[in-house]
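Let me begin by presenting the structure, written as structure tokens, before commenting on it.
Only this structure's heavy atoms are used, side chains among them; waters, hydrogens and symmetry mates stay out. In listed order, ligands and their atoms are each counted from 1.
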Amino acid sequence: MTEPEPEPERERGPPRFTVGYALAPKKQNSFIRDSLVNLARSRGIDLVKIDQTRALADQGPFHCVLHKLYGREWKAQLDEFRLRNPNAVIIDSPDAIERLHNRISMLQVVSELEIESRSLTFGIPKQIVIYDKETLFDGQSWVALKFPVISKPLVADGSAKSHKMALVYNHDGLNKLKPPIVLQEFVNHGGVIFKVYVVGSHVQCVKRKSLPDVSASSSSTSGDAAVLPFSQVSNITTDEKAEEKYYKMMDLDDTKMPPQEFMEGIANGLRGALKLNLFNFDVIRDARFADRYFIIDINYFPGYAKMPCYETVFTNFFWDLLNNCSKLNSFDKEVSSTCCGDGDRQREREDKENSIHV
Ligand SMILES: Nc1ncnc2c1ncn2[C@@H]1O[C@H](COP(=O)(O)OP(=O)(O)OP(=O)(O)O)[C@@H](O)[C@H]1O
Ligand SMILES: O=P(O)(O)O[C@H]1[C@H](OP(=O)(O)O)[C@@H](OP(=O)(O)O)[C@@H](O)[C@@H](O)[C@@H]1OP(=O)(O)O
Ligand SMILES: [Mg+2]
Ligand SMILES: [Mg+2]
């Protein structure tokens, strides 16, 4: 009797990966577009919505969780998910994101960076934090600052309130401010801001409109006119005609971009120090000294759909992340024990990729 032929091993196609996403409705609408979903799918990556009414740990399996949700409850859900799926990747760590929710800790990291540039400098504008009205009206507290200043809510948690700014021309304007706030020196920068989008190791800088320069005579405005409230200047959707006019007026097309290498240096420095993969930062160039740059804001998971080719950038980001993890963990074989755990494995992976923080 002859032995039966062993069954040929079934040919396995390239691995498929699942990325679960948990986003606020506005972010989901802008970010999860068919163009992204389809491109990712064609590369073996399925984007699947996480049901926010059910426990995260009961859903999946996910190789990666992509999120921009806050609060203690969500953090607990992520902890539970991580416990049950020690190898899955969470983009990004809630503790790392939290650092961006306070405008002081957000920018502190900038001063820790050591980036070499022979001809250019960068830093943050002079700023102080004011916790109460008493300190606000105590001249000693802001003696080190020069007017005009921008008042920003200390908290930057994505709420509408956290975007409520005010340009303050002189002392008269302080009356209307509501601490806790950060008072930051206003730097004339020609009305154009640079937004630098970071997606893992990908760094892309775009120009946007900003507040126009303030003239020296503004310091003499008094009463209510001494303070100008505003909100999300670079993100306002005006009608196209007005936008076009503004762009012409500000010579936005003619504004020279900062050197890509310089922005990449800062972006990579921030990425390492913040341990975040997805963020953007706002940069302005001093109107008086063109070699001087200031970082004024850092945002977690910003409006990436406004970044040219965001679909390709994100698909590549997921592909690199998941395939590197797959090599280390063989998680394409067994989805429930997916990738990227703690300790040595994580260090090994960081060394290997040197680009993705998990
Ligand atoms: N120090 C500064 N000097 C000059 N202009 C500034 C300064 N800080 C902020 N601005 C202007 O105010 C706008 C809003 O400030 P900022 O970016 O800090 O606020 P935000 O609400 O966190 O913005 P985003 O929508 O990017 O999160 C900037 O885009 C820029 O136009
Ligand atoms: O509204 P968009 O999607 O474009 O993204 C904006 C994003 O809003 P969203 O996260 O609610 O979507 C904002 O986040 P929160 O501070 O409010 O959390 C902030 O990051 C803005 O800077 C983003 O605009 P961008 O800087 O990219 O122009
Ligand atoms: Mg900003
Ligand atoms: Mg911001």
Side-chain angles (χ1 to χ4, degrees), residues 21-33 36 66-71 92 97-104 106-107 110 122-128 145-169 181-199 204-214 218 228-237 246 250 252 255 276 278-288 292-308 310 313:
Y21 60 84
L23 303 168
K26 180 175 160 269
K27 178 63 76 189
Q28 187 182 304
N29 283 341
S30 67
F31 183 76
I32 305 292
R33 294 192 180 162
L36 171 66
L66 178 74
H67 72 108
K68 184 176 178 179
L69 294 179
Y70 308 129
D92 278 305
I97 297 171
E98 216 158 276
R99 187 169 185 174
L100 300 186
H101 290 173
N102 173 301
R103 292 188 193 270
I104 295 294
M106 169 204 284
L107 293 185
V110 176
F122 73 95
I124 61 170
K126 221 181 252 175
Q127 61 176 20
I128 56 165
L145 287 190
K146 267 206 245 104
F147 284 98
V149 296
I150 293 206
S151 160
K152 308 184 180 191
L154 175 61
V155 171
D157 60 359
S159 60
K161 216 169 116 192
S162 74
H163 290 293
K164 284 200 165 148
M165 315 270 140
L167 177 57
V168 184
Y169 296 113
I181 49 172
V182 171
L183 292 181
Q184 189 178 81
E185 277 187 7
F186 182 89
V187 179
N188 276 344
H189 54 282
V192 177
I193 193 166
F194 304 105
K195 289 211 162 242
V196 185
Y197 290 89
V198 179
V199 182
Q204 200 163 330
C205 180
V206 302
K207 286 183 267 190
R208 291 275 186 82
K209 64 186 169 190
S210 183
L211 288 186
D213 289 348
V214 173
S218 66
L228 173 76
F230 68 95
S231 185
Q232 292 209 281
V233 158
S234 64
N235 214 17
I236 295 169
T237 41
Y246 182 93
M250 299 315 303
L252 205 69
T255 303
L276 289 175
L278 305 181
F279 62 95
N280 75 358
F281 55 100
D282 294 345
V283 180
I284 54 177
R285 180 165 51 213
D286 196 324
R288 291 174 308 157
R292 214 155 96 171
Y293 290 83
F294 292 98
I295 293 162
I296 54 165
D297 185 27
I298 309 178
N299 302 296
Y300 186 65
F301 204 146
Y304 282 115
K306 282 176 269 172
M307 182 178 85
Y310 91 102
V313 172

- Message: Under 4.0 Å, heavy-atom basis, I'd like to know which part of Ser30 is in contact with ligand 2: side chain, backbone, both or neither.
- Response: side chain
Please work out whether any backbone atom (N, CA, C, O) or any side-chain heavy atom from C-beta onward of [X] is under 4.0 Å from ligand 1, and answer side chain, backbone, both or neither.
X	answer
Pro125	side chain
Asn188	neither
His163	both

- Tell me whether the centres of the aromatic rings in Phe31 and Tyr21 are closer together than 6.0 Å. no
Atoms of ligand 1 close to [X] [distance to a heavy atom under 4.0 angstrom, numbered from 1]:
X	result
Phe186	3 (N), 4 (C), 5 (N)
Ile193	28 (C), 29 (O), 30 (C)
Asp282	17 (O), 26 (O)
Lys195	26 (O)

- Message: Can you confirm whether the side chains of Asp157 and Tyr70 place a donor and an acceptor under 3.5 Å from each other?
- Response: no
Which atoms of ligand 2 sit under 4.0 Å from any heavy atom of [X]?
X	value
Gly158	15 (P), 16 (O), 17 (O), 18 (O)
Lys306	2 (P), 4 (O), 24 (O), 25 (P), 27 (O), 28 (O)
Tyr197	25 (P), 27 (O), 28 (O)
Lys26	1 (O), 8 (O), 9 (P), 11 (O), 12 (O)
Lys68	10 (O), 14 (O), 15 (P), 18 (O)
Arg208	28 (O)

- Query: Looking only at distance, does Ser162 have an N or O less than 3.5 Å from an N or O of ligand 1?
  - Reply: no
- Query: Would you say Phe230 and ligand 1 have an N/O pair spaced under 3.5 Å apart?
  - Reply: no
Can you find a non-hydrogen atom of [X] under 4.0 Å from ligand 1?
X	answer
Ala156	no
Arg208	no
Lys209	no
Gln127	no

- Specify which N/O/S atom of Asp297 comes nearest to the Mg ion (ligand 3), by atom name. OD2
Mind checking whether [X] has an N or O less than 3.5 Å away from an N or O of ligand 2?
X	value
Pro302	no
Tyr70	no
Asn280	yes

- Message: Using the rule side-chain contact (heavy atoms from CB on, under 4.5 Å), only one of Asp297, Ile296, Val198 pairs with Phe281; which is it?
- Response: Val198
- To which of Asn299, Val192, Val187, Ile295 does the heavy atom nearest atom 3 (N) of ligand 1 belong? Val187
- Item | Asp286 CG to Tyr293 OH distance, which is reported to the nearest 0.5 Å | 10.5 Å
- Query: Does ligand 2 have any atom that is closer than 4.0 Å to a heavy atom of Tyr304?
  - Reply: no
